[in-house]
Amino acid sequence: MLPKPQIVNLPVYQPGKPIEAVKRELGLTEVVKLASNENPYGCSPRVRAAIEAELANLSIYPDGSAVELTEELAGYLGVNQDQIIFGCGSDEIIALIARAFFLPGDETVMADQTFSVYKSNADIEGAVSIEVPLRDGTHDLDAMLDAVTDRTKAVWICNPNNPTGTIVSEAELTAFLDRIPGQVLVVLDEAYAEFVTDPSYANGIRLLDKYPNLIVLRTFSKIFGLASLRIGYGVGQPAVIKLINQVREPFNTSRIGQAAARASIADHDFVADCREKNAKGIKYLNGEFERLNLTYFPAHGNFIMVDVQAPAQEMFEELLKLGVIVRAGFSKYPNSIRVTVGSESQNKKFISALEQALQQRKARV
Ligand SMILES: *Cc1c(COP(=O)(O)O)cnc(C)c1O
């Protein structure tokens, strides 16, 4: 066999542990998963009926260009229909961008640390990822600009940044966009945009008219609570969207996913309610971290990175034994875990487990 050389040593993605496996392995009856930034409130109650109505059509291929969903989403976002592309999660849009733009040896600039999917897809295409260290957990846009060369095809900005949860402001972002060469694609990943309450935050979609080299990624997996249905989207100028459409598989989203997404965007109250509860959860967790003398990055999505003052992998194992799954393994932050903001009771369970784990560790060392 002769695989592409760039994929031979590529690791297989290691997902967070499923709840059922943790229960079985550790003999626990109650496990809280705060590892994958899923919505603790599920999805809009309107989704069930929308899915049930689609069940009669499971044998029929979906609408490959998602015409009705596109129409409704364009109205919701205030863009034209030819500015939107859907994917099997926004993960797929990331893969399609890499597929459409990267040749072996091309360069692509991203933060270190950020969402790992940018680099893995660049690797698959043989592109070189230039990883620019975060400053205080935040994208260093000046340094990223300095890292752009005439071989740079795309720059990735994750806002809020996963895993640190920080944002760049609209002023910082537009200063960056004003200076970056127009032939470089700027991918602004706004998977958590709907959670943000900070007034300095940019709605990237409002910037598309001024910056034709910008594409914004959003998803139904996070605040809309449809992670299992795999549907996300990109918004950009028609010329950019067309290029990405040219490398898209014909039926990359399902009927069920499209129907659920349509029902979700119509339910503004659900989104507003989740945003409000999430903001309260952040406040509660921040207060508890301060009480425990732990430092954390300012969180703007539905997750917080907190420094647990111990090897994160150890804390991960301790918390797991106490029935709480979090995320560890961020190479730049070996003493930090990322925890999803859960419901009130999940957050309390996490804090009590964290406190117990910290005390146990103190007693040991
Ligand atoms: C969750 C997430 C996504 C995409 O999720 P999909 O389920 O594939 O839509 C994209 N970017 C970031 C930063 C994320 O955290």
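Values in this document were obtained by computation on a predicted structure and should not be read as measured data. First listed ligand is number 1; within each ligand, the first listed atom is number 1.
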Residues Asp123 and Ser120: side-chain donor-acceptor under 3.5 angstrom | no

State, without any angle test, whether Trp156 and Thr114 hold a side-chain donor-acceptor pair at a distance under 3.5 Å.
-> no

At under 4.0 Å between heavy atoms, what of Asn162 touches ligand 1? The answer is side chain

Backbone, side chain, both or neither: what part of Ser90 comes under 4.0 angstrom of ligand 1, heavy atoms only?
-> both

What about Tyr118: any of its N or O atoms under 3.5 Å from an N or O on ligand 1?
-> no

Relative to the heavy atoms of Cys158, which atoms of ligand 1 are at a distance of less than 4.0 Å?
-> 13 (C)

Ligand-side contact atoms (ligand 1) for residue partner Gly89, heavy atom cut-off under 4.0 Å | 6 (P), 8 (O), 9 (O)

Only heavy atoms count here, so choose which of Trp156, Phe115, Tyr192 is nearest to atom 15 (O) of ligand 1.
-> Tyr192

Just one of Ile215, Ile84, Asp82, Val235 clears the side chain to side chain contact (heavy atoms under 4.5 Å, CB included) bar with Ile241, so which one?
-> Ile215

Counting from 1 in the order shown, the ligand 1 atoms closer than 4.0 Å to a non-hydrogen atom of Arg230 are 6 (P), 7 (O), 8 (O)

Numbered atoms of ligand 1 (with element) below 4.0 Å of Ser221, judged on heavy atoms | 6 (P), 7 (O), 9 (O)

Short side-chain donor-acceptor distance under 3.5 Å, Asn252 and Glu92 = yes

So, Asp136 and Thr138: side-chain donor and acceptor under 3.5 Å apart, yes or no?
-> no

Would you kindly say whether Ser352 and Glu355 are connected by a side-chain donor-acceptor distance under 3.5 Å?
-> no

Ranked by distance from atom 11 (N) of ligand 1, the top protein heavy atom is Asp189 OD2, 2.6 Å

Which atoms of ligand 1 have any heavy atom of Lys222 under 4.0 Å away?
-> 1 (C), 2 (C), 3 (C), 5 (O), 14 (C), 15 (O)

For Tyr211 and Gln237, test the side chains for any donor-to-acceptor distance below 3.5 angstrom and give the result as yes or no.
-> no

